[in-house]
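Whatever order the structure lists ligands and atoms in, that order sets their numbers, starting from 1.
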Amino acid sequence: MSTFLLEMVTPEHVLFSLPVRAVRAPGIEGSLGILANHSPLMTVLQTGLVKVEHENGDEEYIATSGGFMEVSGSKTIILADTAERAADIDITRAEAAVAKAKDELAGGGTVDYHEASSSLERAMNRLKVAQLQNTK
Ligand code: ATP
């Protein structure tokens, strides 16, 4: 099966730069599947999961938030605001983040609603990705 280069990066670090068979990413207007020789495109990403099919057929899930994906020639770049491979997700930390954001949202007062709801979305996404990888 044909492969193409996928670079998964954040402003903090490079997760990997590897040949892959396929990638599925959470585009702002819906999930996008990319195979080798896909036509060029650029899209904004929302918080969600990136699914990668590696060269050897192994499938991997990555939790991402924000950023964009650029497909050009034989290379695809995903630059996400945050990205964690399923195996690197700290479940205890994500559960604590869910509880904290829920408390803030329920508490009213001077809470930054946008920040609390974004944090809740990121943390719940991390839990979903970790669970998906475990039940694969
Ligand atoms: P928390 O409240 O748990 O600190 P946060 O929403 O403040 O979460 P982010 O701003 O989304 O954290 O991410 C900050 C950094 O921490 C990023 O590098 C992200 O990859 C990492 N990170 C956040 N939560 C987790 C987690 N549960 N497991 C692994 N890495 C995480």
Could you tell me the residue and atom name of the protein heavy atom closest to [atom], and the distance to it rounded to 0.1 Å?
atom: atom 2 (O) of ligand 1; result: A97 CB, 3.8 Å
atom: atom 18 (O) of ligand 1; result: E12 OE1, 2.9 Å
atom: atom 27 (N) of ligand 1; result: D90 O, 3.0 Å

- Close N or O approach (T82, ligand 1; < 3.5 Å):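 No; the residue has no nitrogen or oxygen that sits under 3.5 Å from a nitrogen or oxygen of the ligand.
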Would you mind reporting whether [Y] and [X] have side-chain heavy atoms less than 4.5 Å apart?
X: F16; Y: L6; answer: yes
X: P26; Y: V50; answer: yes
X: T82; Y: R126; answer: yes
X: T47; Y: T64; answer: no

- Item | Electrostatic pair R122:E115 at N-O distance under 4.0 angstrom |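 The answer is yes: the pair qualifies as a salt bridge.
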- Item | D88 and ligand 1 - part of the residue with a heavy-atom distance under 4.0 Å |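 The answer is the backbone of D88.
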- Item | Of the listed options R122, R93, E121, E84, closest to atom 15 (C) of ligand 1 (non-hydrogen atoms) |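 Residue with the shortest heavy-atom distance to the ligand atom: R93.
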